[in-house]
Amino acid sequence: MAAQTITLEFNKNDIYVLPPVVLGDGHMIEAKLQVPGKITSVDPYKCEGLGCGWTHFVKVQPLTDTVWSWIGWSNSGQNCKLYITVHFEGVPPK
């Protein structure tokens, strides 16, 4: 298996946990990170947009070998894009 990386993109306002769960000074957001191989690590997220100053990372949590949960919180209705890079073991593309 070869080391692979992929950057997943999420709209912050699309990943709020419903019903709202209080976390930090706001509400929990959760992004499911699913890739075609065993996840080995996740880089800190990058953010673009007005809501970035009010978006905070908490942790990543493995659910299965190929699916991890990225958990954070926000206390702003302003949207932003979250870019999360996932490292995994996979078959190289042909």
Side-chain angles (χ1 to χ4, degrees):
M1 295 285 180
Q4 303 284 315
T5 61
I6 188 169
T7 299
L8 304 173
E9 178 182 322
F10 301 90
N11 286 311
K12 182 207 43 121
N13 287 355
D14 293 340
I15 59 171
Y16 273 103
V17 173
L18 295 175
V21 174
V22 176
L23 185 61
D25 290 330
H27 290 122
M28 182 175 172
I29 53 178
E30 181 179 25
K32 296 285 197 243
L33 312 175
Q34 184 168 2
V35 297
K38 182 179 179 181
I39 296 174
T40 56
S41 66
V42 176
D43 288 351
Y45 74 103
K46 294 182 182 173
C47 188
E48 292 180 2
L50 296 174
C52 290
W54 296 273
T55 301
H56 308 277
F57 169 74
V58 175
K59 66 180 179 178
V60 289
Q61 179 175 319
L63 302 176
T64 69
D65 283 349
T66 62
V67 180
W68 285 20
S69 177
W70 182 99
I71 298 171
W73 63 271
S74 182
N75 58 4
S76 171
Q78 293 286 345
N79 202 12
C80 56
K81 295 265 188 198
L82 302 177
Y83 300 93
I84 304 169
T85 299
V86 179
H87 301 266
F88 63 99
E89 298 172 353
V91 177
K94 292 183 180 186

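Annotation: side chain of W68 is not in contact with side chain of V86 (no heavy-atom distance under 4.5 Å). Contact annotation: the side chain of I6 approaches that of L8 to within less than 4.5 Å [non-hydrogen atoms, C-beta and beyond]. Side chains of Y83 and E9 form a contact here, defined as non-hydrogen atoms less than 4.5 Å apart. The closest side-chain heavy-atom distance from L82 to I15 is below 4.5 Å. Using a 4.5 Å cut-off on side-chain heavy atoms (C-beta onward), C80 and W54 make no contact.
Closest of all the heavy-atom pairs between H87 and T5 is ND1-CG2, 3.0 Å. Looking at every heavy atom in both residues, S74 comes nearest to T55 through OG-OG1, 3.8 Å.
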Side chain to side chain contact (heavy atoms under 4.5 Å, CB included) between F10 and I84: does it pass, once the steps are laid out? CA-CA 8 Å; F10 301 90; I84 304 169; 4.0 Å; yes
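Note on F57: it clusters hydrophobically with V42, by side-chain heavy-atom contacts below 4.5 Å among ILVMFWY residues. In the hydrophobic clustering of this structure, V17 groups with I71; members are Ile, Leu, Val, Met, Phe, Trp, Tyr whose side-chain heavy atoms approach within less than 4.5 Å, directly or through other members.
Taken from CD in Q4 to CD1 in I39, the straight-line distance is 13.0 Å, to the nearest 0.5 Å. Atom CG of N11 is separated from atom NZ of K81 by 4.0 Å, given to the nearest 0.5 angstrom.
A perpendicular orientation is assigned to the rings of Y45 and W70, their planes being inclined by more than 60° (bins at 30° and 60°).
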Would you tabulate the side-chain donor-acceptor contacts of residues 19-35 under 3.5 Å, counting partners in other chains and residues two or more places apart, or write 'none'?
from: E30; atom 1: OE2; to: K32; atom 2: NZ; distance (Å): 3.1
from: E30; atom 1: OE2; to: S69; atom 2: OG; distance (Å): 2.4

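Annotation: disulfide (SG to SG under 2.5 Å) contacts of C52 (sequence neighbours excluded): C47.
Remark: the backbone N or O of G49 is not paired with any side-chain donor or acceptor of N79 at under 3.5 angstrom.
Among residue pairs with one or both ends in residues 51-80, none qualify as salt bridge (Lys or Arg N to Asp or Glu O under 4.0 Å); sequence neighbours excluded.
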